[in-house]
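Worksheet: the structure to be examined is printed underneath.
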Amino acid sequence: MQEKTLQRDILPHRDKLYRLALSITLHTAEAEDVVQDTMMQAWNHRNEWDEIANMGGWLSQICRRLALDRRQRMDRMSSLPDPTQQADRHTAFTGSDITFEQRERLTTICDMMESLPPPQNDVIRLRDIEGMTYKDIANELSLTEEQVKVYLFRARQRIKTAYSKIENYGL
Amino acid sequence: MDYKYIEQLIERYLQCETTIHEERILREFFAQDDVPTHLKQWQSLFAAQHELSQAHLDADFNKRIMELTSTRVVTPRRITLYQRMRPLFRAAAIVAFAIVIGTVMNNPGNVSSESQSDMAHAEFVLESTTSAHPETYSAELVESAADSTSFIKVQTQEDMPMP
């Protein structure tokens, strides 16, 4: 019964949670650990599943909290002298087929999204990375569609300013 | 590709006037390598969005989670002393109730069949002693009866479960 719910209603969120964890930790292996921990925490609260109306939002909250904890731990570790203990955020996205340029711009966009105040960071992530409609975003974040549009507008204005700066420095 | 169209889309994207479909066109346009120089600065934004949206977990992730959850079906849960003792409260209440009933049945007022011979013997002794000292013994008997019932009352209240 609960195994079925896990497979039907919880595991399908895995890749979305992974991208959220990735944009916070900037590290593929750490992000995977975070999603696994998120799933295990969700499983440990399985007696409350019936009361959760918005599973995606609930899982994202758990995942964000765990990812932020993980990032803090990584920052502490990277200040240690022993390099074998390091899981440095800026050796991030350690996939095999990724160029230096790709890594740079992924780091830039993740840092930019996460530097936005909540819920702007969630709104722009759900729109620009997950490609969700205003209606679905409103449901997931318990906002109205109008609020979603306002937050998205503010977020994109910030991005516009940030990328104009990149343009000016770049030229 | 008409760059005027892309420029317009970027402008409308920043004003939040683009549809999901138009935003996808932007990402796919910037995912290619040959982007004109005057649009290069936007490539880092839309190409990064595209790359991040492609990130995903391995196929065997689900299997791993299912294995982990099946081995942890019995999760350790903290049980307070009160929760642990809870079934005993009911038993204690029943025992206390039985004692009350038993005492009432054994009261000299209502003689039960089992203790009838005992009672008959006791009555005989009582009668022989009370007839010798009528005032002393009748008073003592009433007093002890009152004591035993009040003792039982205190006992049952102590055994009641906490609210």
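Chain letters run A, B, ... following the sequence lines, proteins first and then strands; every chain starts at 1. Since the structure is predicted, the reported quantities are computational estimates derived from the model, not experimental observations.
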key: Test log, rule salt bridge (charged side-chain N to carboxylate O under 4.0 Å, His left out), inputs B/Glu51 and A/Arg103   = CA-CA 10 Å; B/Glu51 281 150 14; A/Arg103 180 178 305 163; over 6 Å; no
Using non-hydrogen atoms and a 4.5 Å limit, figure out which bit of [X] sits close to chain A: side chain, backbone, both or neither.
X	result
B/Arg24	neither
B/Phe46	neither
B/Glu23	side chain

Considering all heavy atoms, the nearest [X]-[Y] contact:
X	Y	result
A/Phe153	B/Cys16	CA-SG, 3.4 Å
B/Thr18	A/Arg127	O-NH2, 3.3 Å
B/Leu57	A/Arg14	O-NH2, 3.0 Å
B/Ser53	A/Ile129	CB-O, 3.2 Å
A/Tyr163	B/Gln41	CD2-O, 3.6 Å
A/Leu22	B/Leu52	CD2-CD1, 4.0 Å

key: B/Lys40 bridged to A/Glu101 by N-O distance under 4.0 Å   =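 Salt bridge flag = no for A/Glu101 with B/Lys40.
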key: Short N-O contact, B/Glu17 and A/Lys149, less than 4.0 angstrom   =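 Not counted as a salt bridge, because no side-chain N and carboxylate O are separated by less than 4.0 Å.
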Side-chain contact, heavy-atom cut-off 4.5 Å: [X] with [Y]?
X	Y	value
B/Gln49	A/Ile109	yes
B/Thr69	A/Met39	no
B/Gln15	A/Gln157	yes

If hydrophobic clusters are built from ILVMFWY residues whose side chains come within less than 4.5 Å, do [X] and [Y] share one?
X	Y	value
A/Leu116	A/Val150	no
B/Ile94	B/Ile99	no
B/Leu14	B/Ile20	no
B/Tyr3	B/Leu9	yes

Nearest 0.5 angstrom please: [X] [atom1] to [Y] [atom2], how far?
X	Y	atom1	atom2	value
A/Gln7	B/Met66	CD	CE	3.5 Å
A/Arg19	B/His56	CZ	NE2	9.0 Å
B/Asn62	A/Ile10	CG	CD1	11.5 Å

Is chain B contacted by the side chain of [X], its backbone, both, or neither, given a heavy-atom distance below 4.5 Å?
X	answer
A/Leu152	both
A/Met132	backbone
A/Glu104	neither
A/Ile159	side chain
A/Glu130	neither

request  = Determine yes or no for a side-chain-to-main-chain donor-acceptor pair under 3.5 angstrom, with A/Arg105 supplying the side chain and B/Ala47 the backbone.
outcome  =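 Not confirmed, A/Arg105 side chain does not pair with B/Ala47 backbone.
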key: Which of B/Ile65, B/Ile10, B/Leu45, B/Asp58 touches chain A most, by non-hydrogen pairs under 4.5 Å   =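 Looking at each option in turn, the highest pair count goes to B/Leu45.
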ask   = In this structure, are over 12 heavy atoms from other groups packed under 6.0 Å from B/Arg86 atom CZ?
value =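 It does not: B/Arg86 CZ has 12 such atoms or fewer within range.
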message = Just checking B/Asp33: does its CG atom have more than 12 heavy atoms from other residues, nucleotides or ligands closer to it than 6.0 angstrom?
response =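 Atom CG in B/Asp33 is not packed in, count stays at 12 or less.
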query = Taking A/Leu11, A/Asp128, A/Asp15 one by one, which has the highest count of heavy-atom pairs under 4.5 Å against chain B?
reply =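 Greatest number of close heavy-atom pairs with chain B: A/Asp128.
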request  = List the steps, then state whether side chain to side chain contact (heavy atoms under 4.5 Å, CB included) holds for A/Trp43 with B/Leu68.
outcome  = CA-CA 10 Å; A/Trp43 177 251; B/Leu68 280 170; over 6 Å; no
